[in-house]
Peer 1: 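Dropping the structure in here first, questions after.
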Amino acid sequence: MLNGLDNLRVFEDAESLGRAAAEQVLRIAGHHLDASQRFTLALAGGTTPALAYRRLAAATAASDWSRWEVFFGDERCVPNDHADSNYRMAREALLDHVPIPTERVHPMVTDPDDPETDATRYEDLIRERVPTEDGMPVLDLVLLGLGTDGHTASLFPGADILRVQDRLVASVYVERLGSYRISLTYPLLNRARHILFLVGGESKAALIAELERGAEPGRYPVQGLSPQGTVEWYLDRAAASALS
Ligand code: 6PG
């Protein structure tokens, strides 16, 4: 179980959070590319990561992008050009601006009307493309956000996916939103070498303070993570404003 906020860093504002996050992603990528042929990462959706993606896109010379392989932590079941698509957000902020080979960028959604098939297909893809350790794919880096209800990726409170232990990717119906999503599951997220949370904004401050104090176990989906790799929390000052 995730308990407290490991390796917490607070940045002045959203812009400096984005800049620091981009620098850390490049640092982690460089470390892995020194030792292996490819760097595998799963991008977070939502709005917070967009600034970090734009900063990454501005650092075109900073990495051997041809050796990156990009997955997603979760996706809304909408077309890839839809305004709500995490893939579209990442494409506009980053993927259209860096030379990652198209065949190494993996949107989650193929058929927005068939989440279950898309989830199964994505699991097959991850098993095929991500190096494994004792039979389990191990992503080098996973970027995650945090919702005010304590969800991360699309691990939402009360959703069946919170109990999934035998799959790497699953579809999830989000009651509160009345829509389907696809998400990486706890077993796959837990095996990542690094998890970097990016959390910004005043709306997250109360939850961040509760998690730091040690919220009641099982209260929030994010606590259900048991990461085996390193975890870092990058916050802006607004999201950290209720910390003691
Ligand atoms: C999504 C995200 C989701 C997001 C949080 C925080 O598809 O919406 O994957 O888990 O990270 O909801 O979103 P913000 O960064 O927009 O606050």
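Counting starts at 1 for both ligands and their atoms, in listed order. Fair warning: this is a prediction, and the values are worked out from it, not measured in the lab.
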Peer 1: Which bit of D74 gets closer than 4.0 Å to ligand 1, counting heavy atoms only: side chain, backbone, both or neither?
Peer 2: side chain
Peer 1: Going by heavy-atom distance to atom 3 (C) of ligand 1, choose the closest among M89, H151, R76.
Peer 2: H151
Peer 1: Assess the side chains of D74 and S183: does a donor N or O sit below 3.5 Å from an acceptor N or O?
Peer 2: no
Peer 1: For ligand 1, indicate whether the residue N86 contacts it via side chain, backbone, both or neither (heavy-atom separation under 4.0 Å).
Peer 2: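 Side chain only.
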Peer 1: Tell me which protein heavy atom sits closest to atom 6 (C) of ligand 1, plus the residue, atom name and distance to 0.1 Å.
Peer 2: L146 O, 3.5 Å
Peer 1: For V169 versus M108, what's the shortest heavy-atom pair and its separation?
Peer 2: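 Looking at all heavy atoms of both residues, the closest pair is CG1-CE, 4.4 Å.
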Peer 1: If you measure from the Lys or Arg side-chain nitrogens to the Asp or Glu carboxylate oxygens, is any gap between R9 and E23 under 4.0 Å?
Peer 2: no
Peer 1: When rounded to the nearest 0.5 angstrom, what distance separates CZ in R91 from CG in D96?
Peer 2: 4.5 Å
Peer 1: For T47, is at least one N or O under 3.5 Å away from an N or O on ligand 1?
Peer 2: yes
Peer 1: In ligand 1, which numbered atoms sit nearer than 4.0 Å to a non-hydrogen atom of G46?
Peer 2: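 Ligand 1 atoms under the 4.0 Å threshold to G46: 1 (C), 2 (C), 8 (O), 16 (O).
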Peer 1: For atom 11 (O) of ligand 1, which of A153, G145, S203 has the closest heavy atom?
Peer 2: G145
Peer 1: For E133, is there an ion pair with R193 - N to carboxylate O distance below 4.0 angstrom?
Peer 2: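 Salt bridge between R193 and E133, a charged N being under 4.0 Å from a carboxylate O: yes.
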Peer 1: Can you list the ligand 1 atoms lying under 4.0 Å from a non-hydrogen atom of K204?
Peer 2: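 Reading through ligand 1 atom by atom, the close ones are 6 (C), 14 (P), 17 (O).
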Peer 1: Looking at D64 and R67, does any basic side-chain N land under 4.0 Å from a carboxylate oxygen?
Peer 2: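 A salt bridge links D64 with R67.
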Peer 1: Yes or no: does G73 have any heavy atom under 4.0 Å from an atom of ligand 1?
Peer 2: no
Peer 1: For atom 15 (O) of ligand 1, which protein heavy atom lies nearest, and how many Å away is it?
Peer 2: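 Result for atom 15 (O) of ligand 1: T48 OG1, 2.6 Å.
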Peer 1: Answer yes or no for E75: is there a heavy-atom contact with ligand 1 below 4.0 Å?
Peer 2: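 Judged by the 4.0 Å heavy-atom criterion, E75 does not count as contacting ligand 1.
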Peer 1: Quick one: do R181 and E75 make a salt bridge, cutoff under 4.0 Å?
Peer 2: no
Peer 1: Is the count of non-hydrogen atoms from other residues, nucleotides or ligands lying under 6.0 Å from Y186 atom OH greater than 12?
Peer 2: yes
